[in-house]
Each structure stands twice: as structure tokens, then as C-alpha cells.
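Below is one structure, written out as C-alpha cells; comments come after it.
Letters A, B, ... are given to chains in the order of the sequence lines, protein chains preceding strands, and every chain is numbered from 1. Values in this document were obtained by computation on a predicted structure and should not be read as measured data.
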4 protein chains.
Amino acid sequence: MAKLKKTSANPRKAPAQDRSRATVDVILDAAARILVKGGYAAFTTNRVAETAGVSVGSLYQYFPNKESLLGELMRRHVEELERGMVAITADAAKRPLAETIRALIEDNVRAHLVDPALHQVLSEEVPRLGPLDWRIAYGSRAAMRVRAALETRRSELAVGDLDLAVYLVTGAVESAIHDAVADRPDDLRSGALTEELTRMIVGYLTGKPLSARRSLRAAAE
Amino acid sequence: MAKLKKTSANPRKAPAQDRSRATVDVILDAAARILVKGGYAAFTTNRVAETAGVSVGSLYQYFPNKESLLGELMRRHVEELERGMVAITADAAKRPLAETIRALIEDNVRAHLVDPALHQVLSEEVPRLGPLDWRIAYGSRAAMRVRAALETRRSELAVGDLDLAVYLVTGAVESAIHDAVADRPDDLRSGALTEELTRMIVGYLTGKPLSARRSLRAAAE
Amino acid sequence: MAKLKKTSANPRKAPAQDRSRATVDVILDAAARILVKGGYAAFTTNRVAETAGVSVGSLYQYFPNKESLLGELMRRHVEELERGMVAITADAAKRPLAETIRALIEDNVRAHLVDPALHQVLSEEVPRLGPLDWRIAYGSRAAMRVRAALETRRSELAVGDLDLAVYLVTGAVESAIHDAVADRPDDLRSGALTEELTRMIVGYLTGKPLSARRSLRAAAE
Amino acid sequence: MAKLKKTSANPRKAPAQDRSRATVDVILDAAARILVKGGYAAFTTNRVAETAGVSVGSLYQYFPNKESLLGELMRRHVEELERGMVAITADAAKRPLAETIRALIEDNVRAHLVDPALHQVLSEEVPRLGPLDWRIAYGSRAAMRVRAALETRRSELAVGDLDLAVYLVTGAVESAIHDAVADRPDDLRSGALTEELTRMIVGYLTGKPLSARRSLRAAAE
DNA sequence: AATGAATGAGTATTCATTCAT
DNA sequence: CATGAATGAATACTCATTCAT
């Protein structure tokens with residue numbers, strides 16, 4: 001049960017001053033390192049503080065509670081996930097659908113390969129943080145963006161319920177890539193997974209399958 | 001003292017006697033109820049025992065540790081998930097691919113609608129249990145079964161790397177349905193999600209899209 | 001603190017019947033085996049019963065509590081220690097002091113080499129059992145016997161306070177041999193320790209040292 | 001998570017600060033009081049903390065586990081036992097053997113009369129602590145020191161195997177005095193036990209008995 | 001007599017959080 | 001602002017003992 005004592009999961013203050021910013025970063029780095037190395041079980045506030053080289057007191061100066069530390073870590077990760085997506089969806093109207101979709105998938109793969117271990121722990125071991133949880137926030141924001149992008153090329157779509165289709169598609173991409181980080185790292189890095197995902201998604205959305213063979217080229221043309 | 005590495009996540013003894021069986025069930029019921037109601041945080045051995053109306057001692061008579069309680073709960077859930085799959089994949093050779101796939105998806109949806117709240121908590125909040133974790137065991141077993149089923153209809157397939165395709169497809173189905181339990185219960189119950197998923201998967205695997213409109217009928221013919 | 005709930009540390013009944021006797025023995029054997037193998041930490045009533053192949057209930061039929069199990073084990077050990085001593089002290093009047101003393105020491109060594117591991121655990125790990133503890137009972141009984149034996153040869157003694165001397169001597173012998181079981185097993189088996197102890201004790205009691213070299217022979221003549 | 005095998009039986013940190021030192025002392029005092037009053041059975045970490053007037057948390061701040069509490073208590077006791085012995089053995093070469101031996105025994109008696117109840121509990125009831133146990137460490141260190149002392153006066157010795165003799169002698173002295181704390185406190189305080197022990201040991205080691213009557217004087221001359 | 005399921009008080013230990021310095 | 005000593009509620013698990021069958 002998510003027991004939020006404080007408004008929680010948000011940094012206590014905007015890190016305006018330099019020293020503050022530095023301290024916050026040092027703490028978050030330590031937190032990430034600990035999570036990656038020892039999993040959520042090793043993630044204790046005292047240890048984070050010690051590893052960061054600050055006192056627990058200082059940690060609590062910047063983060064009202066343990067949860068907020070995780071929250072910030074997640075926020076940063078989502079930022080990374082969203083950075084590219086914003087740019088790509090912005091250009092959706094100018095490009096064929098297939099191209100946009102492939103770009104989105106490629107970018108998601110790229111983002112998942114940044115500190116994959118941390119990403120892993122964050123989504124697998126860390127208990128849910130209530131409505132502030134990144135998975136929820138990110139999921140729906142991503143869906144909105146993708147929906148908007150798809151709507152700019154409505155004519156190419158062959159789906160009935162666009163909402164449902166977007167939900168399906170974003171979920172499938174995110175989860176496939178996420179799981180592949182652990183299960184199929186080679187296919188992820190080689191582009192094989194991107195290729196297959198793209199074929200699956202584009203085929204589904206447009207009703208016109210990219211031929212397995214020509215898809216890469218086709219999308220580029 | 002011989003410190004037996006507790007082969008955790010397995011019930012301590014086969015519940016042979018009637019009283020024993022009853023106790024085991026009463027405990028598992030209580031465990032499930034607590035998980036659903038209060039999440040993993042509320043899941044303490046003492047509370048489970050109390051809720052079950054037995055002593056902690058009794059709980060530990062049947063489950064060597066907390067983990068094993070979760071393990072058994074998971075085992076039962078997986079059993080539910082697998083029951084139908086085995087039957088369906090067994091008949092794969094006799095039916096068109098689309099039909100088998102739709103059946104698998106429908107069955108998975110059905111299984112997810114049995115005690116969905118418990119299913120949810122089990123996969124989202126409960127920390128990973130090592131190699132005994134059902135997610136790992138189940139995932140790969142399911143993939144194997146599906147692969148075998150698809151191979152009986154190789155000629156209908158239009159994918160290069162079958163392994164990768166199976167990985168993608170089973171993961172996408174499982175995660176889409178799983179997420180929809182929480183996010184889109186109506187689409188799940190109405191069959192809309194099943195429909196879309198089937199179209200996506202069949203289209204991807206065969207290279208020949210089911211038309212959105214005629215898909216249901218088509219699959220049946 | 002020794003918390004005796006029952007009159008404790010005595011077997012509940014004289015094992016008269018054959019089946020009873022057999023059960024008692026089977027339980028004590030199991031208890032001894034467990035103590036030797038796993039130390040006092042492994043010594044739980046349930047495990048003893050299981051190892052013995054009887055139910056806990058049966059164990060409690062014959063032993064009112066855990067303590068009494070240990071008590072009986074100790075009683076048997078003391079019996080072993082005392083068996084020889086009685087015979088030897090009985091003949092004390094007929095023999096030179098040195099001979100009696102050597103005989104007592106030799107017999108004590110012999111007794112300590114019977115199941116030394118059990119002996120060890122019993123005296124080192126097992127918590128004190130109150131006034132019923134064998135160490136106390138045995139210690140004073142042994143002292144009494146030795147005192148009586150020495151008094152039959154008073155003329156050979158060169159000590160002032162005989163009581164104190166006996167206390168010193170019995171304690172020294174017992175503890176030296178006991179420790180040597182663990183620390184100097186070779187000297188114990190070779191007879192070297194017996195030799196030295198005899199020299200020390202005889203010298204102390206008679207005021208006339210046995211020469212190191214001739215002591216063995218001298219005692220025998 | 002990195003599970004550091006706690007190098008138990010050592011204080012967690014050097015008690016540098018004043019407040020820390022005070023807390024440590026207050027905890028150890030409480031621990032000693034509880035052991036003396038209620039024996040090892042009453043010795044629970046929670047009770048120690050409560051008696052000390054600190055929280056369990058604080059206890060664990062300074063002692064990584066229960067064992068380490070006992071370890072420190074033992075360490076301090078051994079310190080007491082060794083303090084005098086070092087000084088006495090250092091001067092062994094300058095003095096007749098008898099004098100050194102008597103001094104060692106007297107000092108051991110003195111040390112055993114400091115908080116004898118605690119000493120008692122520590123050696124009788126407290127379970128062995130592995131290689132960190134003071135009994136082992138102290139025993140062999142003491143033997144080494146005594147051996148060195150005796151070797152400075154080799155010419156006065158009439159023993160064959162010095163190692164064995166030292167083992168015998170240190171064990172006998174330690175155990176006799178130790179037992180006498182409980183069994184013969186009057187003889188211990190009056191010096192009678194010291195006297196007899198000295199006669200026994202000196203006689204054994206030198207082969208020339210101190211006459212019972214003149215021994216005190218003789219040793220002094 | 002024998003069984004073994006059930007009991008539940010008791011224990012060591014952790015860790016998020018506070019607050020006096 | 002920073003420190004880190006102190007807090008104490010909470011938790012998993014054990015085991016001697018009982019008693020209904």
C-alpha cells in the first residue's frame with residue numbers, strides 16, 4: 001500500500017543555488033549507483049547519504065523522504081525517454097507514418113540503452129509510488145503525443161478505435177523494448193528488434209504490411 | 001548446526017491430510033486477500049496468520065518463509081494461465097493460424113479476468129523471487145509452447161527469425177492484456193482488445209492483414 | 001537464569017517396560033547424535049523426536065521437558081565417569097597412594113575418551129541446569145570419594161587442609177583432562193598427560209616428588 | 001545487496017566522541033548487570049537497551065549484533081586478567097621461579113575477585129563465540145607468556161616437555177581459581193588457595209617441593 | 001499410548017526519520 | 001545549513017509445549 005506521509009516524490013526545493021544543485025546531484029548519483037549495484041533492498045537512506053558523502057540530515061534537506069528520491073530518479077529517466085519523442089512527434093505531419101513510427105521505436109531503443117541497469121531496477125524492483133509513479137505519468141503522456149502524431153496522418157491509418165490502437169501500440173513497444181533489455185540485448189543492439197517491432201506496428205496501424213525484406217529500405221525512401 | 005539453505009518458494013510439505021490442506025488453503029486465501037486489499041506492504045506473515053485465523057507457527061509449518069507463500073500464490077496463478085494454453089496449442093496443427101492465435105489471446109484474457117486484482121499485485125508489487133519467479137518460468141514455457149504451435153503451420157508464417165517473433169508476440173500479448181486489466185477493463189471485457197490484438201499479431205506473423213471489419217468472421221470461416 | 005518449570009531434569013518414569021526402555025534409548029541416542037553433530041543450537045525437541053523416529057508427543061511422554069533430556073544424558077555420562085572411580089577408591093587402603101592416584105587419573109582419561117565429542121558439548125555448550133547439573137553433583141561426589149581414599153593413607157600425605165587439597169586436586173585433574181580432550185588429544189592418548197598429572201598430584205600430596213624418569217616404573221613396583 | 005559477513009564480536013566503531021563513549025559504556029554496564037542478575041537467558045538486546053536507557057537502535061549503532069556485546073564484555077575482562085600477567089612475566093628473569101609463580105597466581109586471584117559474578121556468567125553460561133572467544137585467545141596467549149617466563153629460568157625446571165607442562169599448569173591454575181570463586185570464596189580470599197596452588201605448581205615444575213610450612217617465607221627470601 | 005498439528009510468546013535486527021548541537 | 005547520534009515501531013521466524021484425535 002502506498003503510504004504517502006508527505007506530499008512526497010517531489011524534490012523539496014528547486015535546486016537553485018550551485019552548492020545545492022551539486023549536493024542533489026551527488027545524492028542522486030549515489031542513489032542510482034546503489035540501486036544498480038545492490039537492488040532496491042540495498043537502497044536505504046543512510047547508505048545513500050554515506051555513499052554520497054553527505055549526512056542523512058543533508059539528504060533530508062533536499063528530499064523529504066525516501067520516495068521522493070526515487071521519484072526524482074524516475075523523473076530524470078522519463079525526461080530521457082521523452083526528449084527524443086517530443087522532437088519526433090513534432091515532425092510527424094511532414095513524414096510518412098512508417099517513418100515516424102520507426103523513428104519513435106529507434107529512439108525508444110536508444111533511450112533504453114542509456115544506463116539500462118538502472119532503468120531495469122527502477123521498473124522491476126522499486127515498489128509503485130502511487131499516482132506519482134513515472135510509469136503511469138509517462139505512459140499516458142506518451143500515448144497523448146503518439147495519438148497526436150498519428151492523427152496528422154489519419155488517412156494512412158486503418159484502425160477503428162484510435163485510442164485503443166494507440167494504447168496497444170505504445171504499450172507493446174515500451175514493454176517489448178523494456179523486456180528485451182534483459183532478455184535479448186543482442187537483438188536490441190543489432191536493430192533486429194526495432195525492425196520487427198516496426199513491421200508489426202506499421203502493419204497493424206496501416207493495414208499494409210511492410211514486406212519483411214524491403215521494409216528498411218522502404219521506410220528510408 | 002546444519003543450516004539448510006531453505007529451498008524457498010516451495011511449500012514445506014505436500015498437504016496430504018485434510019486438516020492440513022484446509023489450513024494451507026485458509027492461509028493462502030488470507031494471503032491473497034491481504035495482498036489485494038493492502039498491497040505488498042501490508043503483507044506480513046503475522047498478519048496473514050491472524051487473518052487466516054491460525055497462528056504464525058502454523059503458517060510456518062506449511063510455508064518455510066514468506067517468499068514461499070508468494071511462490072505458491074504465483075504457482076496457482078500460472079497454473080490458471082497455462083491450463084487453457086496447453087489445450088489450445090495442442091490443437092494448433094488442426095486449425096488455421098489465425099484461429100489458434102485468437103483462441104490463445106481469448107484464453108489469456110479470460111485467465112486475466114480471474115481475480116484480476118490479485119494478478120495485478122502479484123506482478124506489479126511483489127519483488128522478484130529469483131529463478132523461482134513465475135514470470136521467468138512462465139514466460140519461457142509459454143514461448144516454447146507458442147513456438148511449437150506456430151511451427152506446425154510454418155507455411156503460413158511470414159517472419160524471418162521465428163524465435164524473435166515468438167518472443168515479441170508472446171510478450172506483447174501478455175503485457176497488453178495485463179496492463180489493460182487496470183487501464184482498459186471495458187475494452188478487455190467487450191472483446192475489443194482481443195480483436196485488435198489478434199489483428200496485430202496475425203497480421204505481423206502472416207504478413208496478410210485481417211481486414212478490421214471482417215476479421216472475426218474471417219477467422220471463423 | 002535457570003527457569004525450572006517442572007521438577008525437571010529427571011526422567012518422568014522409571015523405564016520399566018521393554019518398549020518404554022527402547023523408546024527412551026532411541027530418544028537419548030538421537031539427542032546425543034544431534035548434540036554432537038550440530039551442537040546445542042541444533043538441539044530442539046522436535047528435531048530430536050524426528051531423528052529418533054517418534055513423535056514429539058512420545059518424547060514428552062518420557063521426558064517432561066527439554067532440560068530433563070539433557071539431564072538424563074548427563075546422568076549417563078557421569079555414571080561412566082564414576083563407574084571406575086568407585087572400584088579404584090574402594091581398594092585405596094591396600095595400595096600405595098601413588099598407585100591409587102595414577103589409577104584414578106588413568107581411569108578418568110579412559111572415561112573421557114568414550115564419546116569425547118558428546119562429553120565436550122555437554123560441558124561446553126549446554127547451559128547450566130541448576131542444582132541438578134551433573135558438574136556440581138559429580139564434582140562433590142567425586143571429591144568425597146577421593147577424600148575417603150586419601151584418608152586411608154593419611155600417613156603418606158603432606159598437606160595441611162585435606163579438604164582444600166582434595167578440592168584442588170580433583171578439580172585440576174578433571175579440568176586438565178577435559179581440556180586436553182580438545183587441545184592435546186595426542187598427549188592424552190599417549191599417556192604423557194597422565195604421567196605429568198600424576199607427578200604433579202602425587203608430588204603435591206606427598207611432598208615427595210616422583211622423579212620424572214623413574215615415576216612410571218616406581219609406581220608399578 | 002552486499003551481505004557483509006559481520007565480523008562480529010568487535011565494536012562497530014571506535015568510540016571516539018564523548019557522547020558515543022558514554023553510550024557505549026552505559027550499554028555495556030547494562031549488559032553486565034543483566035547477565036549477572038538474570039544469566040544469559042535474560043540477556044536480550046531489547047532488554048539491554050531498555051536497561052541502559054537507550055533505544056535498541058542505539059545499541060545496534062555501536063554493536064553490530066548481540067555477540068559483539070558479549071565480545072566486548074569479554075575483551076575487557078581479559079584485559080583485566082592480562083594486565084598484571086604482562087608485568088609479572090616481564091620480570092621473570094630477575095626473580096626465582098617460585099616467586100614469579102606465586103606472583104602470577106596471586107594476580108590471577110586478584111583479577112578473579114573483580115566482579116566475580118560477571119566473570120562467572122561469562123565463562124559458564126555464555127555460548128562459545130567462535131575463534132573470537134576470549135577463552136581461546138586468552139588461554140593460548142597466557143600459555144605463551146608463561147612459557148617465556150619459565151624459559152628464563154630453565155635451569156630451575158625439572159620437566160621434560162615444557163610445552164605440556166605449561167599447558168597443564170596454566171590450565172590448572174586458571175580453572176582452580178575460577179571454580180573457587182564459586183565454591184571456595186573464603187579460601188580464595190584468605191590466600192589459602194594461593195598457597196596450595198603455588199606449592200603444587202612449584203613442586204611440579206622444579207621437582208623440589210616447597211615445604212608446606214616454610215613456603216611463604218622461602219619464596220620471599 | 002502415540003501422533004503431529006497447532007500454538008504464540010519471544011528474539012534479533014533494520015531503517016526511515018528527527019532534532020539537538 | 002550540516003551533522004550524525006538517537007529513536008522505536010515493525011518484522012520474519014523459532015521452538016518448547018499442549019491436546020484433540
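- We find that CG of D:L69 is positioned 13 Å from C1' of E:dT13, with the value rounded to whole Å.
- The distance from atom CG of C:L59 to atom P of F:dT17 is 10 Å, rounded to the nearest whole Å.
- Taking A:D115 as the reference, nothing meets the salt bridge (Lys or Arg N to Asp or Glu O under 4.0 Å) condition, with sequence neighbours excluded.
- For A:S20, counting side-chain heavy atoms from C-beta on, the closest listed nucleotide (E:dG4, F:dT7, F:dC1) is F:dC1.
- Nearest-nucleotide positions on DNA chain E for B:V54 and C:V54 put C:V54 closer to the 5' end.
- One interatomic measurement links the two molecules: CD1 of D:I34 to P of E:dA12, which rounds to 11 Å at whole-angstrom precision.
- Considering only side-chain N and O atoms, B:S58 lies under 4.0 angstrom from the phosphate OP1 or OP2 of E:dT7.
- You'll find the side chain of A:F63 stays beyond 4.5 Å of the side chain of A:L70, heavy atoms only.
- Atom CD1 of B:I27 is separated from atom P of F:dC13 by 14 Å (rounded to the nearest Å).
- Among the nucleotides F:dA6, E:dA5, F:dA2, the one closest to any side-chain atom of B:Y62 is E:dA5.
- Using modelled atom types, no side-chain atom of A:S68 and backbone atom of A:G71 make a donor-acceptor pair closer than 3.5 Å.
- Ranking E:dA1, F:dT17, F:dA6 by closeness to the C:N65 side chain, first place goes to F:dT17.
- Spacing between atom CD of A:E50 and atom C1' of E:dT14 amounts to 15 Å, rounded to whole angstrom units.
- Listed nucleotides E:dT7, E:dA2, F:dA6 differ in distance to C:S55; the shortest reach to its side chain belongs to E:dA2.
- Shown here are the side-chain hydrogen bond (donor to acceptor under 3.5 Å, both in side chains) partners of B:H77, two or more places apart in sequence or in another chain: B:H119.
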Side-chain atoms of residues 42-53 of chain B: list all donor-acceptor pairs with protein atoms under 3.5 Å, sequence neighbours left out, distances to 0.1 Å.
unit_1 : atom_1 : unit_2 : atom_2 : d
B:T44  : OG1    : B:R47  : N      : 3.2
B:R47  : NE     : B:A42  : O      : 3.1
B:T51  : OG1    : B:R47  : O      : 2.8

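- Applying the side chain to side chain contact (heavy atoms under 4.5 Å, CB included) rule to D:D25 yields the partners D:R21, D:R76; only residues at least two apart in sequence or on another chain are considered.
- As rounded to whole Å, 7 Å separates atom P of E:dT18 from atom OH of A:Y60.
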Given side chain to side chain contact (heavy atoms under 4.5 Å, CB included), test A:L59 with A:L69 step by step and report yes or no.
CA-CA 9 Å; A:L59 186 156; A:L69 244 178; 4.1 Å; yes

With pairs defined as Watson-Crick or G-U wobble and both distances under 3.5 angstrom, please note down DNA chain F as a dot-bracket string, | for pairing with another strand.
.||||||||||||||||||||

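- The side-chain heavy atoms of B:P127 and B:Y40, taken from C-beta on, include a pair separated by under 4.5 Å.
- Taking atom CZ on C:F63 and atom C1' on F:dT18, their separation rounds to 18 Å, with Å as the unit.
- Closest approach to the A:Q61 side chain among E:dA5, F:dC1, E:dA12 is made by F:dC1 (side chain taken as heavy atoms from C-beta onward).
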Given the rule in the side chain to side chain contact (heavy atoms under 4.5 Å, CB included) test, do D:V126 and D:M74 qualify, once you have shown the distances and angles that lead to the verdict?
CA-CA 10 Å; D:V126 170; D:M74 289 180 164; 3.7 Å; yes

Sub-3.5 Å pairs of nitrogen or oxygen atoms, protein against nucleotides 9-11 of chain E:
none

